[in-house]
Every structure is written in structure tokens, then in C-alpha cells.
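To find a chain, count down the sequence lines: A is the first, B the second, and so on, and within it residues start at 1. Source: prediction; values computed, not measured.
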Number of protein chains: 2
Amino acid sequence: MRIKELAQQAYVSDTAVRYYESSGILPPPRRLPNGYRDYDQSDVERLKLVAGARSLDFSLDDIAEILALRDRREAPCRTVLDMLAQKADEIQQRIIELQQLEKQLRDLHELGLTFPTDDIDGKNCVCHLVSERAG
Amino acid sequence: MRIKELAQQAYVSDTAVRYYESSGILPPPRRLPNGYRDYDQSDVERLKLVAGARSLDFSLDDIAEILALRDRREAPCRTVLDMLAQKADEIQQRIIELQQLEKQLRDLHELGLTFPTDDIDGKNCVCHLVSERAG
DNA sequence: TATAAACCTTGAAGCCACTTCAAGGTCAAA
DNA sequence: TTTGACCTTGAAGTGGCTTCAAGGTTTATA
Ligand SMILES: [Zn+2]
Ligand SMILES: [Zn+2]
Ligand SMILES: [Zn+2]
Ligand SMILES: [Zn+2]
């Protein structure tokens with residue numbers, strides 16, 4: 001099959017497939033006589049793993065690590081399990097940070113409403129509150 | 001004052017200050033006879049607003065919009081208030097997305113634990129679960 | 001006085017995971 | 001025959017910086 005059919009089977013763009021090849025995640029495929037890339041079912045499986053892992057926000061480096069194990073005929077299952085747990089922890093931490101940020105934004109908004117809104121120099125308005133967040 | 005002192009007063013790096021200048025957020029400053037950048041207190045105020053807004057995750061485009069108003073002697077307070085509310089909403093939405101992602105990661109981890117962990121081809125293991133997340 | 005340490009300058013490249021653009025070549029249907 | 005869908009490559013753009021390379025300037029110390 002050609003690149004577009006491969007890409008569609010994994011729900012990614014064909015330009016992403018070319019990018020994965022250029023970055024070493026996917027091996028260079030056979031070519032048809034006209035120079036077009038030619039893929040088979042094993043390429044679909046590989047790309048689906050890449051797409052699934054990307055949809056879980058794994059980095060291409062992480063994915064390369066998983067694929068490298070498989071290419072050496074070593075089972076990557078343990079590595080994948082560990083990565084899932086670690087990524088979940090990272091996301092959890094990120095959520096906490098964003099919750100703090102949201103609170104700061106809402107607090108600033110509420111407080112800002114109590115100040116004049118025609119202050120050019122920002123000495124007595126919400127702009128001043130933003131400026132003084134330093135540290 | 002020179003660039004490092006300015007940067008320190010706003011708790012940013014001096015390379016960031018040069019980057020802000022190159023991207024038009026900060027105007028080109030005067031120069032000392034030796035070519036070094038020379039700043040004053042108004043530069044500190046401007047950079048503090050930039051730094052405060054960046055710490056709230058505003059984009060440089062947003063910040064440029066705020067500064068453009070001030071540079072035209074129009075009060076940016078209303079704009080800032082609106083941006084605070086809008087950014088808070090964006091963060092809230094992002095948190096929801098990350099919470100869903102975290103749940104997917106934890107669920108996959110739990111389910112993956114019930115499968116063998118020595119499957120090279122990924123037909124009966126957590127790797128297969130990752131691959132089949134398509135769509 | 002020599003020299004090291006801390007500061008300053010510029011321009012370019014690197015980061016991440018792509019997308020978009022430019023400028024073409026290939027092939028099937030109408 | 002011409003339209004349109006598909007394919008190719010390489011380069012540049014995205015955002016907000018940091019890092020690197022290759023210097024010049026100033027202050028402190030030996
Ligand atoms: Zn597995
Ligand atoms: Zn575990
Ligand atoms: Zn204001
Ligand atoms: Zn409001």
C-alpha cells in the first residue's frame with residue numbers, strides 16, 4: 001500500500017509518516033517502480049503502536065526505546081507498563097500545576113475587578129498586580 | 001544599568017531579555033560607549049509586566065497587545081482582565097483533557113498488568129492495548 | 001603587569017513534533 | 001487532454017526560549 005492508505009489506517013497524516021521515517025522511528029520502506037513508498041501490514045502494526053503511544057503523549061524518544069526492544073526481539077511490555085505509570089504521575093503533577101495557575105488567574109481577575117480600569121501607567125490597576133508577581 | 005541587573009530585577013535571564021528585544025517586545029535600548037545595553041527604571045517596569053504575564057502563561061503575542069495599548073497611552077486594564085478570564089477558561093479546559101489522559105494511562109496500566117509481559121509481537125500484552133487505541 | 005574571572009556582543013543552531021510551503025513528478029478518470 | 005488526486009524532496013515555520021561559537025571589555029587579583 002502507498003503512504004496515504006498506511007497513514008489512514010493509523011489515523012495519522014501522511015506528512016507525519018514521512019517525519020517518523022526521517023527521525024528514525026519508521027525504517028525506510030521499499031519503493032514502487034515510480035519511487036512511491038510501499039508499505040505492508042507489518043508497517044501498519046508498527047505505525048499503530050507509534051500512533052497509540054503518541055496519543056498517550058509519549059515522546060518519540062520513548063517510542064523509539066520501545067521499538068528498539070521489539071526490533072531486538074525483546075518484549076517491551078514491562079517497559080511500556082513502567083512508562084504508563086510514570087507518564088500518569090507526570091500528568092498528575094502537571095494537573096496540580098495547572099490548577100494552581102488557574103486559581104492565580106481567577107484570583108487576579110477577581111481582585112483586578114476592584115481596581116480602576118483606566119490606569120495607563122499601571123500603578124493602580126490589574127496591570128500592576130500582574131507586574132508585581134515577580135519571584 | 002546593564003542587562004544582567006535589569007534581568008535580575010525581573011527574575012528572568014539576560015538571554016531572555018535579548019530575545020524579547022529581538023522579538024519586538026522590548027524596544028532597542030540606549031548603548032553605553034562600549035556598546036553594552038543601558039537600561040533605566042522604566043525598562044524594569046516594562047520587563048516586570050512581561051515577566052509577570054509570562055508567569056501566567058500569556059503568549060508574547062498577548063503581551064505585545066497589552067504593551068501596544070500602553071504605548072498608545074490607552075489603558076490596557078480591560079484587555080488584561082479579559083485575558084485573565086479567558087486564560088483561566090483555557091487552563092480549565094486543559095485540565096479536563098489532562099485528567100482524561102491520566103485516567104486512560106492509569107486504566108491501561110491496570111489492565112496491562114493482567115496480560116503476559118513477554119510478548120514480542122504485542123498480540124497479547126499491554127503493547128497491543130496501546131496499538132489498538134486508534135481513532 | 002599579567003592574567004584570570006565576570007561581564008558584554010552578535011549570529012546561528014537546537015529543542016519538540018510536527019505542519020506548511022515550494023516546486024515539481026505520476027497516474028487514473030472524465 | 002486536461003483535471004485532479006496522489007506522490008516526491010528539501011526547506012522553513014511554529015513558540016519561547018537556551019545553548020553554542022567566537023569573540024570584545026572591564027574588574028580583581030597575584
Ligand atoms: Zn508487549
Ligand atoms: Zn506499576
Ligand atoms: Zn491597568
Ligand atoms: Zn470577567
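The side chain of B:R18 lies closest to C:dC8, out of C:dT26, D:dT9, C:dC8.
An OP1 or OP2 oxygen of D:dT18 is reached within less than 4.0 angstrom by a side-chain nitrogen or oxygen of B:S13. One finds no side-chain N or O of A:Y36 lying less than 4.0 angstrom from the OP1 or OP2 phosphate oxygen of C:dC27. Residue B:R31 has a polar side-chain atom (N or O) positioned under 4.0 Å from OP1 or OP2 of C:dT10. Look at A:T15 and you'll find a side-chain N or O under 4.0 angstrom from OP1 or OP2 of C:dT19. Taking 4.0 angstrom as the limit, B:S59 places none of its side-chain polar atoms (N or O) nearer than this to OP1 or OP2 of D:dG15. Phosphate proximity of D:dC7 to A:N34: absent, as no side-chain N or O sits under 4.0 Å from OP1 or OP2. Phosphate proximity of D:dT8 to A:R37: present, with a side-chain N or O under 4.0 Å from OP1 or OP2.
Comparing B:P33 and B:L60, the nucleotide of DNA chain D nearest to each residue sits closer to the 5' end for B:L60. Closest-nucleotide positions on DNA chain C for B:E5 and A:F58 were compared, and the one nearer the 5' end corresponds to B:E5.
Within 6.0 Å of CZ on A:R78 lie no more than 12 heavy atoms contributed by other residues, nucleotides or ligands.
If you take CG of B:D38 and P of C:dT9, they are 11 Å apart, rounded to a whole angstrom. Between the P atom of D:dG15 and the CZ atom of B:R54 lies a distance of 11 Å, rounded to the nearest Å. If you measure from atom OH of A:Y20 to atom P of C:dC18, you get 4 Å, rounded to the nearest angstrom. As rounded to whole Å, 21 Å separates atom C1' of D:dC7 from atom OH of A:Y19. When rounded to the nearest whole Å, the span between CD of B:Q8 and P of C:dC7 equals 8 Å. Look at CZ on A:R30: it is 17 Å from C1' on D:dC7, rounded to the nearest Å. Between the NZ atom of A:K4 and the P atom of D:dT8 there is a distance of 12 Å, given to the nearest Å. Protein atom CD1 of B:I3 is 12 Å distant from nucleotide atom P of D:dT18, rounded to whole Å.
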Let me see the working for B:K103 and B:D107 under salt bridge (charged side-chain N to carboxylate O under 4.0 Å, His left out), right down to the final yes or no. CA-CA 6 Å; B:K103 181 169 190 325; B:D107 288 353; 2.6 Å; yes
I'd like to know whether B:Q86 forms a side chain to side chain donor-acceptor pair (under 3.5 Å) with B:E90, so could you lay out the CA-CA distance, the side-chain angles of the two residues, the decisive distance to 0.1 Å, and finally the verdict. CA-CA 6 Å; B:Q86 194 194 332; B:E90 288 171 16; 3.2 Å; yes
In sequence, state the C-alpha distance, the side-chain angles, and the governing distance for A:S42 and A:D40, and then conclude on side chain to side chain donor-acceptor pair (under 3.5 Å). CA-CA 6 Å; A:S42 73; A:D40 61 24; 2.8 Å; yes
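For the pair B:R46 and B:D71, the minimum side-chain heavy-atom distance is below 4.5 Å.
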